[in-house]
Amino acid sequence: MNFDEIINRQNTHSMKWDMMSSIYGIGPDDGLSMWVADMDFRPPQSVQAALQNMLDHGIYGYYGDERAYRAAIGWWMANRHGWEIEPDWIFTTHGLVNGTALCVDTYTQEGEGVVLMTPVYHAFARVIRAANRQVVECPLALIEGKYHLDIPAWDAAMTGREKMLILCSPHNPGGRVWTVEELQAIADFARRHDLILVSDEIHHDLIMPSHTHTPMAKINGIMDRLVMMTATTKTFNIAGGHSGNVIIPDAELRKRFAARMGALGISANSFGLAMAEAAYSPEGAEWVDALCAYLAKNAETFDAGIAKIPGLKPMKLEATYLSWVDFSGTGMSHEESIARVEGDARIATNYGSSFGLGGAPFLRFNLAMPHAQIEEAVARMQKAFADLQ
């Protein structure tokens, strides 16, 4: 659990670090990579040991007998989230972007609408459009620096062509942990408009102190139209294993999803399953608790430093390790802000415009790095905007 260790990821086929130069024009030697949502920390030792066992055995065949793997998922959901699941509810996809695409493919037809509460994780819109479905943006209300639901406006926007709602819970990029009351309102909205509700809860383990995540599956009146999506990948920094859990309590929805999985010939990656089983363990739980405390410290340092720059407002982080910073108060154009962040501070971030309506004034910063690099990022940002101070 040495989260302070700075690990050189250059020339390791790291998208986050090795693609930074070609995309942003920022080299890893003098730049800070704060865009792709993976962490610069090694996973818990239980995960490393599971991979070492596979290496020591030396044969990498097809994965069979998933009982222990499914039991580990069930143990984690029950012990960390108070949610009891059945082993046969679980489907394994190649990550949750793949899981999202499969849900769109299974439960909607070309030309139909899929509702997103924007701004929201950019891959949702990408896969919806690629499948020739319509992205229906329902903007969140930004009130005093915090996102809120705007259900009356969303009700008025529905046309009857919408067939699915994809929820991001906790919210990426805003870091909101939705309350039970908010989740119930979303569930009621989905039922009122006859929408399949796909709840992407990939960040559900990365919760800041004093906040509690509630799985959508624990909300009343939604189980017959609910698809839950969770994963080890964000929690334990094993995204390269491309393993995601699509958990479907309803038998009819489950039957339809299984048929589509079969038709597409999708099967699991042995390495991803082995890592997931090892991660969902008491050792993994201890590691996550330490990680969340460390991320909270990073967020506190980053927010305090960024807030000292006039016109910059970081959104209060309730979950995830992604800081959503509003640049609108600077009076600068988007291009000028980007020029300072990338050209002067040498920091690569995600552009808010890619997250949909309401995202344009923002940049998203990944805080999952050693604390010394967070301090460095703050110092660079303050220098880049020194004339405002």
Side-chain angles (χ1 to χ4, degrees), residues 1-3 5-19 36-81 85-99 101-102 201-206 229-247 258 261-262 264-291 321 368-369:
M1 297 187 194
N2 182 11
F3 300 120
E5 180 184 3
I6 296 177
I7 301 169
N8 186 352
R9 299 180 64 187
Q10 294 183 46
N11 302 314
T12 63
H13 301 287
S14 163
M15 176 181 287
K16 183 178 180 181
W17 287 91
D18 290 335
M19 297 299 293
V36 174
D38 69 18
M39 299 187 279
D40 291 331
F41 308 132
R42 290 191 178 95
Q45 185 56 37
S46 58
V47 172
Q48 308 285 38
L51 288 175
Q52 189 62 54
N53 286 340
M54 294 180 74
L55 292 173
D56 291 343
H57 187 258
I59 297 177
Y60 313 112
Y62 295 112
Y63 194 98
D65 188 2
E66 295 186 358
R67 287 176 295 179
Y69 160 75
R70 290 171 181 267
I73 296 172
W75 178 86
W76 189 265
M77 298 308 160
N79 283 274
R80 300 292 289 191
H81 299 285
I85 67 173
E86 297 295 331
D88 64 353
W89 294 358
I90 303 167
F91 297 88
T92 302
T93 61
H94 291 281
L96 291 192
V97 174
N98 176 239
L102 284 167
E201 305 193 10
I202 196 169
H203 292 279
H204 66 168
D205 294 310
L206 304 175
M229 299 202 304
T230 71
T232 53
T233 49
K234 281 289 183 287
T235 303
F236 298 99
N237 201 33
I238 51 177
H242 278 283
S243 175
N245 314 314
V246 176
I247 306 173
M261 289 272 289
L264 294 172
I266 294 174
S267 58
N269 178 300
S270 295
F271 290 91
L273 268 62
M275 286 192 285
E277 181 183 335
Y280 281 154
S281 63
E283 182 178 341
E286 182 181 2
W287 185 90
V288 170
D289 289 341
L291 170 69
Y321 48 73
M369 53 176 37

- For Met15 and Asp38, run side-chain contact (heavy atoms from CB on, under 4.5 Å): C-alpha distance rounded to whole Å, both residues' side-chain angles, the deciding distance at 0.1 Å, then the answer. CA-CA 9 Å; Met15 176 181 287; Asp38 69 18; over 6 Å; no
Please report the interatomic distance [atom1]([X]) to [atom2]([Y]), rounded to the nearest 0.5 Å.
X: Asp205; Y: Arg80; atom1: CG; atom2: CZ; value: 6.5 Å
X: Ile238; Y: Met39; atom1: CD1; atom2: CE; value: 9.5 Å
X: Asp56; Y: Met54; atom1: CG; atom2: CE; value: 11.5 Å
X: Asn79; Y: Ser281; atom1: CG; atom2: OG; value: 11.5 Å
X: Lys234; Y: Glu201; atom1: NZ; atom2: CD; value: 15.0 Å
X: Ile7; Y: Phe41; atom1: CD1; atom2: CZ; value: 9.0 Å

- Taken in chain and number order and not counting sequence neighbours, the residues that satisfy ring pair (Phe, Tyr, Trp, His ring centres under 6.0 Å) with Trp287 are Phe3, Phe236
- Kindly write out the residues that satisfy ring pair (Phe, Tyr, Trp, His ring centres under 6.0 Å) with Tyr321, not counting sequence neighbours, or none if the list is empty. none
- Message: Whether the side chain of Ser46 engages the backbone of Ala278 through a donor-acceptor N/O pair (distance < 3.5 Å, no angle test) should be reported.
- Response: yes
- Message: For the backbone of Gln10 and the side chain of Asn8, can you confirm whether one donor and one acceptor N or O come within less than 3.5 Å of each other?
- Response: yes
Search all heavy atoms of [X] against all heavy atoms of [Y] and return the closest pair with its distance.
X: Gln48; Y: Pro43; value: NE2-CD, 3.8 Å
X: Ile202; Y: Thr235; value: O-OG1, 4.2 Å
X: Ala279; Y: Thr232; value: CB-CG2, 4.4 Å

- Query: Does the side-chain contact (heavy atoms from CB on, under 4.5 Å) test come out yes or no for Thr12 and Asp18, once each step is laid out?
  - Reply: CA-CA 7 Å; Thr12 63; Asp18 290 335; 4.3 Å; yes
Do [X] and [Y] come close enough that some side-chain heavy atom pair is under 4.5 Å?
X: Asn245; Y: Tyr280; answer: yes
X: Val47; Y: Pro44; answer: yes
X: Leu102; Y: Ile266; answer: yes

- Can you sort out the partners of Glu66 under salt bridge (Lys or Arg N to Asp or Glu O under 4.0 Å), two or more places apart, ordered by chain and number? Arg70
- Message: Could you go through Met275 and Thr233, starting from their C-alpha distance and side-chain angles, then the distance that decides it, and tell me whether this counts as side-chain contact (heavy atoms from CB on, under 4.5 Å)?
- Response: CA-CA 9 Å; Met275 286 192 285; Thr233 49; over 6 Å; no
- Message: Just checking Arg42: does its CZ atom have more than 12 heavy atoms from other residues, nucleotides or ligands closer to it than 6.0 angstrom?
- Response: no
- Task: Give a yes or no on whether Glu286 atom CD has more than 12 heavy-atom contacts from other residues, nucleotides or ligands under 6.0 Å away.
- Result: no
- Item | Sequence neighbours excluded - ring-ring contact (aromatic ring centres under 6.0 Å, His included) pairs with any residue from residues 44-64 | Tyr60-Phe271
- Sort and list the pairs that fulfil salt bridge (charged side-chain N to carboxylate O under 4.0 Å, His left out) and have at least one residue in residues 266-282, not counting sequence neighbours. none
- Report the C-alpha separation of Met19 and Val36 in whole Å, then their side-chain angles, then the decisive distance to 0.1 Å, and conclude whether the side-chain contact (heavy atoms from CB on, under 4.5 Å) test is met. CA-CA 10 Å; Met19 297 299 293; Val36 174; over 6 Å; no
Please report, to 0.1 Å, the donor-acceptor pairs under 3.5 Å made by any side chain of residues 85-94, with sequence neighbours excluded.
residue	atom	partner	partner atom	Å
Thr92	OG1	Tyr69	OH	2.8
Thr93	OG1	Gly95	O	2.8
His94	NE2	Ser267	O	2.9

